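For reference, the structure is listed below as structure tokens.
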Amino acid sequence: MYTLVKTHKIPADVDPSTLSVQEIKARPIVSCSDSPTEKLAWVVSHCINPLLKHVPCHLLNIHSHLEILCSIPPEELAGNSTVRTALYTNLSIQYCVEAVIEMAEEYWTDLDTFGITLVELHKLLELVFMNSFFTFDQKLYFQCEGCSPSPPAAIIAVYKMEKTSIYDDSYYSSSYVSHYYCRYLDDNSSLKPDQSYAQQVCDMISEQDTRGRIRWEIDFPMDDAFVPFLDTEVRITPEGELKTRYFRKPQDKGIIVNAKSHHPCDMKKEVLKNFYKTAIEVSSGQEELQHSLNIVDELSVKNGYEPRKDCPRTKKKKTDEYRAPRKLPYFLDAISNKMRNFVKSRKLPVRIIFTPGTTLRQMFCCSRPFDKPTCVLGNPKKCQICPNIRNGTCAMKHGVYRINCLLCNGSQDFYEGETDRPAHDRFMEHTRAGNNPASYSSNGTGKHYAKYHVNESVNLRSH
């Protein structure tokens, strides 16, 4: 199994090489691109995504929890602490399907299912979740164990466990859950007076899993400390005062767009400005703001930017009239600035968007060189096109090609063309034109077979 080590779970003062395999936490990495169920997975995801707005504990963005906490009166916050819990589980596929179908039936009018019925959606969910494929070393594998459903289905499945446990318990639903309980994928944040209450909530949810595979990692504040959640830290004082600030994991490598990179200058400025903007927005007071800015200062200097001289300010965007977007390829900063200044000076209703071109990394580097398909069908031996291509396979794109007719003995006639599509699609089109010239009267191969090889089987050689 190909896995990615969770480096943020390893303490900063611990050497990873000294840990045993059992002590290292990792997540499986499975590439399902170009798998047989990839397109169906997109349809399923589109159909069930609107259900997430009906999950009360689901956070739509990573800073929604701060808005919820700020709306709670200090007298209700007093005596409580925020608790972060990390969920580790391998959800049952059948349980996820049942949870999604139950919620889809309840909110069916809110879904855009392309005309798919509930029964058909049920069959699609089972087909996609129970047929997970991945590519490795030019071969297609079926994942038999540990299949992980899509994030929307997993969120809905865990909510079903919460709904039948803590949301049905009058004590928890009337106090802690109603005040503050939220979840972003597999990270939970809640409001509890001590660690025993947090453990009770986790146990109640875990009991809903008949397989017993749900595990929780509870992070309760010790000695009135900050509790990290996503990219923020939260602390509640004994008086009920809420303090928040920006947070980055100690194990974070601190790598962002470097100041010496060849990205456009405007892009680098925006990246750095967004970090400072986030640090300002999540900070509750002057002391917390200074702590947040120091983190971003250290991050920017580490990546080659000049030290900050004054406190950055966030400007409100002006409400301008509509300007039509226009995409142009990026060349140099000097040229881009001249074009922007020209549009601005002439007051043209156009907004120029510079798109990056092909980089050297994309041209010369490939992170998965062995996963390139050798054939569109995945099997060159059974392909009708690959045996007739002299150089390469039918998966090639953006090429110039030549087609020779093997039925013309000694003839030098040939057809040359170019295509941006896969060679398989274009050459199959030529094959169909040869077999049925009347339907492809404008095709070069169709014209050739209609004139010289009527009612003969197509026999082509491609270069």
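Keep in mind it's a predicted model, so treat the numbers as computed, not measured. FYI, side chains are in, hydrogens and waters are out, and symmetry mates aren't considered; it's all heavy atoms of this structure.
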Q. Around Glu306, counting heavy atoms of other residues, nucleotides and ligands shown, do more than 12 lie under 6.0 Å from its CD?
A.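 No, the 6.0 Å shell around CD holds no more than 12 heavy atoms from other groups.
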Check whether any side-chain heavy atom of [X] lies under 4.5 Å from a side-chain heavy atom of [Y], and answer yes or no.
| X | Y | answer |
| --- | --- | --- |
| Arg326 | Arg351 | no |
| Pro56 | Tyr159 | yes |
| Glu105 | Leu118 | yes |
| Glu429 | Asn443 | yes |
| Lys451 | Pro437 | no |
| Leu124 | Phe129 | no |
| Leu121 | Cys47 | yes |
| Lys163 | Val158 | no |

Could you give the distance from [atom1] ([X]) to [atom2] ([Y]), rounded to the nearest 0.5 Å?
| X | Y | atom1 | atom2 | value |
| --- | --- | --- | --- | --- |
| Asn337 | Cys265 | CG | SG | 8.0 Å |
| Ile352 | Lys344 | CD1 | NZ | 12.5 Å |
| Leu51 | Asn49 | CG | CG | 8.5 Å |
| Thr164 | Met204 | OG1 | CE | 9.0 Å |
| Ser189 | Ile68 | OG | CD1 | 9.0 Å |
| Leu111 | Ile116 | CG | CD1 | 11.0 Å |

Q: Fit a plane to each ring of Trp42 and His46, take the angle between them on a 0 to 90° scale, and name the class: parallel (under 30°), tilted (30 to 60°) or perpendicular (over 60°).
A: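 Correct class here is parallel.
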Q. Any idea how Phe229 and His65 line up, ring-wise: parallel (<30°), tilted (30 to 60°), or perpendicular (>60°)?
A.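 The rings of Phe229 and His65 stand perpendicular, inter-plane angle above 60°.
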Which atom names give the shortest non-hydrogen contact between [X] and [Y], and what distance separates them?
| X | Y | result |
| --- | --- | --- |
| Ile156 | Ala99 | CG2-O, 3.7 Å |
| Leu59 | Ser64 | CD2-CB, 3.8 Å |
| Phe247 | Leu230 | CD2-O, 3.7 Å |
| Leu407 | Ser457 | CD1-O, 3.4 Å |
| Cys57 | Glu162 | SG-OE1, 3.2 Å |
| Ala153 | Ile48 | N-CD1, 4.1 Å |

Q.
Asn303 vs Val257, test: side-chain contact (heavy atoms from CB on, under 4.5 Å). Steps then yes/no.
A. CA-CA 7 Å; Asn303 287 272; Val257 179; over 6 Å; no
Q. How would you list, by chain and number, every residue that makes a side-chain contact (heavy atoms from CB on, under 4.5 Å) with Leu127, sequence neighbours excluded?
A.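 Listed in chain order: Leu40, Asn131.
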Q: Using the test side-chain contact (heavy atoms from CB on, under 4.5 Å), find all partners of Arg248 that sit at least two apart in sequence or belong to another chain.
A: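 Listed in chain order: Tyr246, Asp252, Phe275, Ile295, Leu299.
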Q | His430 and Tyr440 aromatic centres sub-6.0 Å | A |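 Aromatic pair excluded; centres sit 6.0 Å or further apart.
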Q: Tell me, with the steps shown, if Asp333 and Arg340 meet salt bridge (Lys or Arg N to Asp or Glu O under 4.0 Å).
A: CA-CA 10 Å; Asp333 281 334; Arg340 285 198 183 97; over 6 Å; no
Side-chain donor/acceptor of [X] to backbone N/O of [Y], under 3.5 Å:
| X | Y | result |
| --- | --- | --- |
| Lys302 | Asp297 | no |
| Asp187 | Arg183 | no |
| Lys268 | Ser261 | yes |
| Thr244 | Val282 | yes |

Q. Could you walk me through whether Cys408 and His448 pass the side-chain contact (heavy atoms from CB on, under 4.5 Å) check?
A. CA-CA 10 Å; Cys408 298; His448 177 80; 3.3 Å; yes
[X] and [Y]: side-chain donor and acceptor closer than 3.5 Å?
| X | Y | result |
| --- | --- | --- |
| Asn436 | Tyr449 | no |
| Asn61 | Tyr184 | no |
| Asn258 | His263 | no |

Q) Yes or no on side-chain hydrogen bond (donor to acceptor under 3.5 Å, both in side chains) for Glu126 and His122, after CA distance, side-chain angles and deciding distance? A) CA-CA 6 Å; Glu126 292 182 340; His122 193 170; 3.3 Å; yes
Q: Please assess Lys160 against Glu98 for the test side-chain contact (heavy atoms from CB on, under 4.5 Å), listing each intermediate value before the final yes or no.
A: CA-CA 10 Å; Lys160 182 182 178 181; Glu98 292 175 358; 4.3 Å; yes
Q: Please assess Val44 against Val100 for the test side-chain contact (heavy atoms from CB on, under 4.5 Å), listing each intermediate value before the final yes or no.
A: CA-CA 11 Å; Val44 168; Val100 172; over 6 Å; no
(Q) Evaluate Ser165 against Gln208 for side-chain hydrogen bond (donor to acceptor under 3.5 Å, both in side chains), listing each step before the verdict. (A) CA-CA 7 Å; Ser165 56; Gln208 304 302 313; 4.7 Å; no
**Q.** Pi-cation contact, Phe354 with Lys327 (under 6.0 Å, within 45°)
**A.**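 Here Lys327 fails the 6.0 Å and 45° test against Phe354.
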Q.
Before you tell me yes or no, could you show the steps for Glu120 and Lys123 under salt bridge (Lys or Arg N to Asp or Glu O under 4.0 Å), namely the whole-Å CA-CA distance, both residues' side-chain angles and the distance that decides it to 0.1 Å?
A. CA-CA 5 Å; Glu120 292 171 338; Lys123 293 180 179 179; over 6 Å; no
